[in-house]
Amino acid sequence: MDPERGGRTDRPGVPPAPFGICLGGGAALVVAATCLAAALFPASAPLARLLVVAVVVGGFAAVVPNPRVDVAVTLLGFLCFSGFLLDRYGELHWHTGHSGGYLLLLAAATVLGAALGAVRRALAGRRARFVAPLSG
């Protein structure tokens, strides 16, 4: 597996996903999470809304082994949360005392998701090395 090239190079004949494709998929997931959070929780519960976006951003980081894409999707998640879930009509404002914490929570979810994804990929690689000789 070559995380520098952004994907699964261990599958023969399947090239890794390019940066733009991964970023577009992550952006679509962030928009869907923003819509879901707005539908599930009232405007008076910003932390619950942020949790929905954080779970999606962390899950995306666990699946996509490209740190540049993960950081870009995290920033998109913060912008969508700040513009549509915290404020209204897509207006971006920096809320002193709160916005830094919101961004830090999304970054922590991204780091946790990326770490869990790396562990999952490492364990899958180990399992494949032990199972392949037995099945041949």
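Partners of Phe81 according to the ring-ring contact (aromatic ring centres under 6.0 Å, His included) rule, which considers only residues two or more places apart in sequence or in another chain, are Tyr102.
Of all heavy-atom pairs spanning Thr110 and Ala61, the tightest one is O-CB, 3.5 Å. Among all heavy-atom pairs drawn from Ala37 and Leu85, the shortest one is CB-CD1, 3.9 Å. Taking each heavy atom of Gly26 and Val73 in turn, the nearest pair found is CA-CG2, 3.8 Å. Taking each heavy atom of His95 and Leu86 in turn, the nearest pair found is CD2-CD2, 3.4 Å. When all heavy atoms are compared, the tightest approach of Gly77 to Val30 is CA-CG1, 3.6 Å.
Both Leu75 and Phe60 are members of a single hydrophobic cluster when ILVMFWY side chains are connected at heavy-atom separations under 4.5 Å. Leu47 and Val53 fall within a single hydrophobic cluster, where Ile, Leu, Val, Met, Phe, Trp and Tyr side chains are chained together by heavy-atom contacts under 4.5 Å. Under the 4.5 Å side-chain heavy-atom criterion for Ile, Leu, Val, Met, Phe, Trp and Tyr, Val57 and Phe19 are members of the same hydrophobic cluster.
For CG of Leu36, the number of neighbouring non-hydrogen atoms (other residues, nucleotides, ligands) closer than 6.0 Å is greater than 12. Within a 6.0 Å radius of NE2 in His98, no more than 12 heavy atoms belonging to other residues, nucleotides or ligands are found.
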* To do: Test side chain to side chain contact (heavy atoms under 4.5 Å, CB included) on Asp87 and Leu92 and set out the steps.
  => CA-CA 7 Å; Asp87 295 327; Leu92 297 174; 5.9 Å; no
* To do: Please step through side chain to side chain contact (heavy atoms under 4.5 Å, CB included) for the pair Leu23 and Leu76, ending with a clear verdict.
  => CA-CA 10 Å; Leu23 184 60; Leu76 284 173; 4.1 Å; yes
* Does the side chain to side chain contact (heavy atoms under 4.5 Å, CB included) test come out yes or no for Ser99 and Phe78, once each step is laid out? -> CA-CA 9 Å; Ser99 292; Phe78 175 73; 4.1 Å; yes
